[in-house]
Undergrad: 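Please see the structure below; I have some questions.
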Amino acid sequence: MMSKGIIMSYTMLNNDLIKKHDYAPESLEGAALSFIREYCEGLRFDKCRAISILNDNLDFDGTGLKANQIPFNMEKDIDRLCLENAVDRFLKSGKKEDAFDVYFCYLEMFVGDYRKTRRMIELLSEFEANGSGLLMKHRDHYSHSVYVFVLGMAIYQSNEIFRKEYKKHYGIDDEKAAAAHYLQYWGLCSLFHDIGYPFELPFEQVCSYFEVEGDKRENRPFMAYHELESVITIDDKVKDVLSRICEGKKFDTTNDVFAYILYVKMGKEYGFSEEQMRTFLVEKPKQPNEFNHFMDHAYFSATILFRKLFEEMDIEMRPEYLDALTAILMHNSLYKFCIAHYKSEGNKPFRAALHPLAYMLMLCDELQCWDRTAYGRNSKKELHPMGCSFDFSGNDIKAIYLFDEREMDKINQFKDGYIEWLQNPEKGKAPGLKAYSGMYLRKNGVSGFQEDIERIVDLTEIHLDVETGIAEHIHAGNRSYLSDSNFINLYNFAIILNGRWSSDGWKRAKKAGQEEQYLSDSKVVAEFTESFKNLSLEYKLSNINQAKSFAKYMNMIGCFYHDKEVDFEQVESFTEEELVKIGKAEHHRWLQEHYDMGWTYGTPEKAKRDFERKHMDMIPGFAGFTVSEEAAQQNYERLDKETQDKDKDPMECMLTMLKMFGGLRIYRL
């Protein structure tokens with residue numbers, strides 16, 4: 001085990017210029033971020049190239065703003081710092097826009113070009129935001145998946161018992177190699193475990209449409225999925241690779257592959273055959289009436305991801321990818337009701353030794369129930385935790401789920417009703433307040449929420465303790481602006497914001513007032529897209545975060561954007577005073593972003609900026625990590641007009657892009 005007092009950190013960067021985190025080591029934030037910084041040292045390094053910034057024989061095979069500006073492994077360390085900062089931002093805000101950054105980092109680092117996978121995760125968020133209001137019960141699965149990802153990193157970092165089991169299962173002795181391995185495959189199964197929800201949501205919408213209180217689902221119409229051959233049939237090339245991986249076995253469909261792997265891993269333990277498992281998988285989408293009238297999104301998540309990875313993206317297949325897919329497959333109802341029958345007397349909680357990734361996914365998916373936007377009509381009325389305070393010390397998990405103190409009237413009303421029921425229980429059913437009552441009420445010292453988790457996964461060695469607490473509103477001040485849009489346009493915005501810097505065509509179009517026509521040219525967009533693709537992850541994220549900040553800037557000047565026509569003055573351009581205000585705020589954001597990434601003030605020639613991580617527009621003599629608004633404004637004032645305009649001009653570009661990509665308009669309050 002690595003010493004918690006030693007910062008292994010970034011070997012290709014100046015660690016003195018990277019901010020230290022002040023989170024408790026046993027907390028969710030502290031454990032997850034130290035996993036990335038300490039345990040994942042050398043992540044994605046090419047050991048044949050320089051592995052220390054002190055090496056005399058530095059290569060310059062890495063990409064900064066342009067190719068061949070920095071050492072190859074320096075780029076990999078910067079990528080890892082990007083992921084660390086993205087996770088930190090998300091944990092502070094809980095916003096789906098910041099969840100986007102975590103997805104983006106993971107995909108760029110481990111899967112490939114974000115463009116190849118964006119449709120899956122954007123569809124999930126789009127579908128939930130627009131379709132879930134028609135359901136009786138439904139909560140967010142986009143930010144939820146990022147929380148699950150972070151929770152799994154924290155448990156791995158803090159829990160020696162699970163780490164040993166993981167390393168033993170995959171035959172990895174080296175601590176850092178095991179952490180890098182875990183990050184790659186845990187990231188895949190945690191971040192993508194719910195992408196199949198667009199298949200479950202229509203099923204639930206039909207059920208909700210016909211729902212009558214007290215009626216059973218079997219008395220209502222339901223929908224099912226047939227003719228899935230085009231989705232589950234495996235390409236011949238992939239069949240050959242699978243056969244080599246799976247001891248010569250031949251597979252025609254993903255159902256065949258998944259049935260075989262699950263049987264090998266746990267068939268004897270739970271007493272099912274390969275054929276029985278194949279039957280479950282074949283019938284689940286076709287006969288939901290045989291599975292308690294529920295559609296299993298996990299089945300579609302695993303199936304769609306298999307096709308995306310190995311047939312559309314042509315990723316090299318490894319057994320660990322199949323483990324990630326079967327972990328996804330099991331995390332919902334398949335394990336609970338077809339394999340373990342977890343509510344029966346003979347239930348055997350799932351052991352990590354059988355399938356570590358599946359174990360961790362089932363555990364974290366159950367634990368992560370805080371800070372999830374409620375979409376369903378009934379879900380909005382329930383009382384769910386807004387946050388959770390974790391203590392991972394001693395190889396245990398202590399979770400205190402925090403409820404908003406503003407809901408005390410509702411909580412006290414429930415408690416009074418429950419006490420009254422205890423005095424006279426024959427009167428009827430005990431009152432409940434989901435999810436508060438499931439965590440608060442205890443039987444033999446254990447809440448129903450905790451007992452349920454202990455029936456799913458084996459926690460005899462990793463002790464779990466669940467409590468409830470009351471706290472001030474956690475996300476006050478960092479949540480919402482009036483601006484409302486579909487945030488998935490961030491990627492498109494970032495491409496244009498980057499492309500316009502070096503485009504004379506954009507400058508001419510802007511001068512002629514023809515920006516929209518210019519950006520409608522497919523050749524221009526293709527050129528901008530290729531330019532963006534060639535950036536390093538750090539610069540891609542910088543453009544994304546610039547686009548993301550636009551809602552905040554609109555709020556500052558008394559404006560907002562929306563996709564609906566509203567009865568406010570529409571904004572066609574900003575005043576010079578508004579642009580200056582926006583420019584100063586954008587400079588503040590740019591400065592903080594750079595200090596977070598280990599940059600400092602300096603005046604190197606432009607080609608050496610990325611290697612030295614110095615920039616002349618930063619604050620001379622500044623020695624801290626957090627930039628105040630006052631310091632940022634003073635630095636802004638020392639810049640020449642041309643440099644100041646760099647912070648103002650992108651905001652005018654956003655006016656055009658909002659109309660084009662989002663169908664949005666800007667209004668003045």
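Predicted model only: the values in this text are computed from it and were never measured.
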Undergrad: Report the distance from atom CG of L354 to atom CG of L262, rounding to the nearest 0.5 Å.
TA: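 Answer rounded to 0.5 Å: 11.0 Å.
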
Undergrad: A quick test of your reading: do over 12 heavy atoms of other residues, nucleotides or ligands sit less than 6.0 Å from CD of E227?
TA: no

Undergrad: In terms of side-chain heavy atoms, does H144 have a donor or acceptor partner in D365 at a distance below 3.5 Å?
TA: yes

Undergrad: Output all residues satisfying side-chain hydrogen bond (donor to acceptor under 3.5 Å, both in side chains) with E320, sequence neighbours left out; order by chain, then residue number.
TA: H181

Undergrad: I'd like to know if K76 pairs up with D46 as an ion pair, taking the criterion as any Lys NZ or Arg NE/NH1/NH2 lying under 4.0 Å from an Asp or Glu carboxylate oxygen.
TA: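 Looking at D46 together with K76, the answer is no, because their closest N to O distance does not fall below 4.0 Å.
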
Undergrad: Are Y39 and Y182 close enough, and set up right, to give a ring-ring contact (aromatic ring centres under 6.0 Å, His included), and what steps lead you there?
TA: CA-CA 11 Å; Y39 273 50; Y182 177 74; over 10 Å; no

Undergrad: Tell me, yes or no, whether the heavy-atom count around K239 atom NZ, taken from other residues, nucleotides or ligands under 6.0 Å, exceeds 12.
TA: yes

Undergrad: Compute the centroid of each ring, for F90 and then for Y147, and state whether the two points are separated by less than 6.0 Å.
TA: yes

Undergrad: Taking all non-hydrogen atoms of both residues into account, name the closest pair between N395 and E160 and its distance.
TA: OD1-N, 2.7 Å

Undergrad: Are more than 12 heavy atoms, taken from residues, nucleotides or ligands other than Y263, located less than 6.0 Å from that residue's OH atom?
TA: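 Count not over threshold, so no.
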
Undergrad: Might you work through the side chain to side chain donor-acceptor pair (under 3.5 Å) test for T11 and E41, ending with a clear yes or no?
TA: CA-CA 8 Å; T11 59; E41 183 191 15; 5.0 Å; no

Undergrad: Let me see the working for N85 and L541 under side chain to side chain contact (heavy atoms under 4.5 Å, CB included), right down to the final yes or no.
TA: CA-CA 11 Å; N85 286 338; L541 280 173; over 6 Å; no

Undergrad: Can the ring centroids of W186 and F35 be said to lie less than 6.0 angstrom from one another?
TA: no

Undergrad: Check this for me, if you would: do K164 and E461 make a salt bridge, where the nitrogen-to-carboxylate-oxygen distance has to be below 4.0 angstrom?
TA: no

Undergrad: Could you tell me if K96 sits above the aromatic ring of F100, with its cationic atom closer than 6.0 Å to the ring centre and no more than 45 degrees from the axis?
TA: no

Undergrad: Indicate the ring-plane relationship of Y491 and F104, choosing parallel, tilted or perpendicular according to the 30° and 60° boundaries.
TA: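 Taking F104 first and then Y491, their aromatic rings sit tilted (interplane angle of 30° to 60°).
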
Undergrad: Thinking salt bridges, do R163 and E175 make one under a 4.0 Å N-O criterion?
TA: yes

Undergrad: Please tell me whether S243 and D240 have a donor and an acceptor in their side chains that are separated by less than 3.5 angstrom.
TA: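 Their side chains do not contain a donor-acceptor pair, so the 3.5 Å distance test is not met.
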
Undergrad: Under 4.0 Å between a Lys/Arg side-chain N and an Asp/Glu carboxylate O for D314 and K237?
TA: yes

Undergrad: Mind listing the closest non-hydrogen atom pair of S145 and S190 along with its distance?
TA: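 Heavy-atom minimum between the residues: CB-O, 3.7 Å.
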
Undergrad: Does the distance from a Lys or Arg side-chain N to an Asp or Glu carboxylate O, for R278 and D256, drop under 4.0 Å?
TA: yes

Undergrad: Using 0.5 Å steps for rounding, measure from the CE atom of M223 to the CE atom of M295.
TA: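 Taking CE in M223 and CE in M295, the distance rounds to 6.5 Å.
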
Undergrad: Would you say the ring centers of Y103 and Y142 fall short of 6.0 Å from each other?
TA: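 So the answer is yes for these two rings.
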
Undergrad: Taking the inter-plane angle between the rings of F199 and Y225 on a 0 to 90° scale, is it parallel (under 30°), tilted (30 to 60°) or perpendicular (over 60°)?
TA: perpendicular

Undergrad: Would you call the rings of Y166 and Y170 parallel, tilted or perpendicular, where under 30° means parallel and over 60° means perpendicular?
TA: tilted

Undergrad: What about the rings of F272 and Y270, do their centers lie closer together than 6.0 Å?
TA: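 Not under 6.0 Å, so no.
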
Undergrad: Taking atom SG of C338 and atom CZ of F291, what is their separation to the nearest 0.5 Å?
TA: 5.0 Å

